[in-house]
There are 2 protein chains.
Amino acid sequence: MAVRPRLTTAKVVDAALELVDEQGVEGLTLAAVAARTGVATPSLYKHVASLAELRGHVGVRVLEEMTARFTEKVLGRAGDEAVAALMHAYREYVKEHPKRYAAMPMDPLHDELQQAAGMKLVEVMLATLRQYGLEGSAAIHATRRLRVIVHGFASIEAGGGFGLPEGLDDTYDQLVRMYLTDLRGQ
Amino acid sequence: MAVRPRLTTAKVVDAALELVDEQGVEGLTLAAVAARTGVATPSLYKHVASLAELRGHVGVRVLEEMTARFTEKVLGRAGDEAVAALMHAYREYVKEHPKRYAAMPMDPLHDELQQAAGMKLVEVMLATLRQYGLEGSAAIHATRRLRVIVHGFASIEAGGGFGLPEGLDDTYDQLVRMYLTDLRGQ
DNA sequence: CAGCTGAGGCTAATGGCATTAGCTTTTGGG
DNA sequence: CCCAAAAGCTAATGCCATTAGCCTCAGCTG
């Protein structure tokens with residue numbers, strides 16, 4: 001509280017996200033963040049413990065953004081409509097920020113900070129499925145199936161893994177329909 | 001043909017795969033490969049153009065291994081049985097070599113060498129579905145849906161993205177059933 | 001109002017890594 | 001028997017992360 005800080009951890013993470021969006025994970029380097037924030041590289045250590053920790057912060061941000069957006073989209077909807085809205089919102093987010101999504105580590109569980117953020121995202125999914133009255137472990141399996149579909153498609157699309165982008169909307173619609181049918185019949 | 005080479009590109013890739021299996025992608029470094037193969041780092045450039053190219057070779061290897069294994073498993077089976085065998089073989093491979101799978105880039109399309117290997121894998125999937133008599137684009141969509149499920153689950157599992165490993169076999173069985181039902185009804 | 005304290009910046013230095021340049025050795029074909 | 005080129009090596013460059021230690025100034029304290 002002694003000095004009015006030019007830089008804050010939040011601003012460092014902002015710059016990191018910009019870099020990731022522009023150049024992908026490999027472009028996220030302390031030197032680049034320093035250049036962008038107009039500071040010498042070692043100065044960043046006053047706000048962030050290491051490059052690894054900065055990556056963690058980036059992951060948390062992304063998770064929080066996703067959770068916020070999905071929550072908004074799902075509120076006020078119910079049943080199939082809510083599930084479809086969630087799935088489409090997921091894809092939209094990843095299409096908007098493909099590199100950002102790819103930068104997110106798949107295991108938020110090994111990181112203290114990310115664990116909480118990751119759990120909230122999963123809880124939004126669980127809540128969306130709650131109306132289907134699934135019993136205990138059935139709800140967990142249903143949530144996992146949802147994650148698999150939504151993340152599988154998003155990561156392939158974001159990584160340019162589909163040959164031609166042709167008809168991708170159709171493919172996704174089919175996946176949504178497949179999941180909804182499955183929810184009903186399981 | 002002039003000299004009997006101590007090292008070959010293939011051996012370099014072998015060492016690279018070992019490193020990836022042991023330490024993950026981040027552990028794949030030219031210095032480490034050199035140490036493992038008993039050679040000075042710059043000597044590797046006689047067999048490989050760059051670290052990036054070596055990563056590409058690793059990707060091709062993995063793709064080829066997967067293709068070979070899946071082909072073997074699918075041969076002699078038909079219909080639902082063949083599809084289920086393919087899906088289970090996919091997961092088994094990834095469980096055996098989680099780091100190796102995570103090391104594989106999602107876009108074999110941007111790389112000349114990987115493109116061919118990636119296409120072969122997709123063709124095995126297409127062939128497995130051929131018996132369902134899907135028309136043109138329907139076959140492409142079905143293949144994409146299959147990839148989404150299989151890769152979505154594998155990448156989350158390999159990355160430790162599922163909270164507890166409990167009941168994962170059940171989750172996967174449900175996904176297989178979901179896909180088979182979908183194939184029938186689509 | 002003077003002075004101290006600590007936060008936030010900076011420069012210098014270290015060590016790992018990829019990559020390049022240029023030298024040396026070895027060997028298979030002539 | 002000789003030599004060209006393949007395969008290795010050492011030395012050197014440059015980028016990056018990280019650490020150590022110094023400097024400055026705002027704001028609280030007396």
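Chain identifiers are assigned alphabetically (A, B, ...) following the order of the sequence lines, protein sequences preceding nucleic acid strands; residue numbering begins at 1 within each chain.
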* Close aromatic pair by centroid cut-off 6.0 Å: B:Phe153 and B:Phe162 -> yes
* Atom-to-atom span, CZ of B:Arg6 to C1' of C:dT27 - whole angstrom -> 13 Å
* To do: Taking only the side-chain heavy atoms of A:Ala40 (C-beta and beyond), determine which of D:dA11, D:dT18, C:dC10 contains the nearest atom.
  => C:dC10
* **Exercise: do B:Asp182 and A:Tyr179 side chains pair donor with acceptor under 3.5 Å** => no
* **Euclidean distance, atom CG of residue B:Leu7 to atom P of D:dA7 [Å, nearest integer]** => 10 Å
* Passing option when B:Arg100 is tested against B:Glu65, B:Glu18, B:Glu22 for salt bridge (Lys or Arg N to Asp or Glu O under 4.0 Å) -> B:Glu65
* Asked: Among C:dT19, D:dA17, D:dG8, which nucleotide sits nearest the side chain of B:Leu51?
  -> C:dT19
* Asked: Is there a side-chain polar atom (N or O) of B:Thr41 under 4.0 Å from OP1 or OP2 of C:dA18?
  -> no
* So does B:His47 get a side-chain nitrogen or oxygen closer than 4.0 Å to the phosphate oxygens (OP1/OP2) of D:dG8? -> yes
* Structure fact -> Among D:dG8, C:dA21, C:dA18, the one nearest any side-chain atom of B:Lys46 is D:dG8
* Asked: Of the nucleotides D:dA7, D:dC16, C:dA18, which has the atom closest to the B:Tyr45 side chain?
  -> C:dA18
* Euclidean distance, atom CG of residue A:Leu44 to atom C1' of C:dC10 [Å, nearest integer] -> 12 Å
* Presence of A:Ser43 side-chain N/O under 4.0 Å of C:dG8 phosphate oxygens OP1/OP2 -> no
* To do: Round to the nearest Å and state the distance from B:Leu28 atom CG to C:dC17 atom C1'.
  => 13 Å
* Structure fact -> When rounded to whole Å, the CZ to P distance for the pair A:Arg55 and D:dC16 reads 14 Å
* Which nucleotide in D:dT18, C:dA21, C:dA18 has an atom nearest any side-chain atom of B:Pro42 -> C:dA21
* Between B:His47 and B:Thr9, do the side chains contain an N or O donor and an N or O acceptor separated by less than 3.5 Å? -> no
* Tell me whether the centres of the aromatic rings in A:Tyr101 and A:Tyr93 are closer together than 6.0 Å. => no
* For A:Glu26 and D:dC16, give me the distance from atom CD to atom C1', rounded to whole Å. => 15 Å
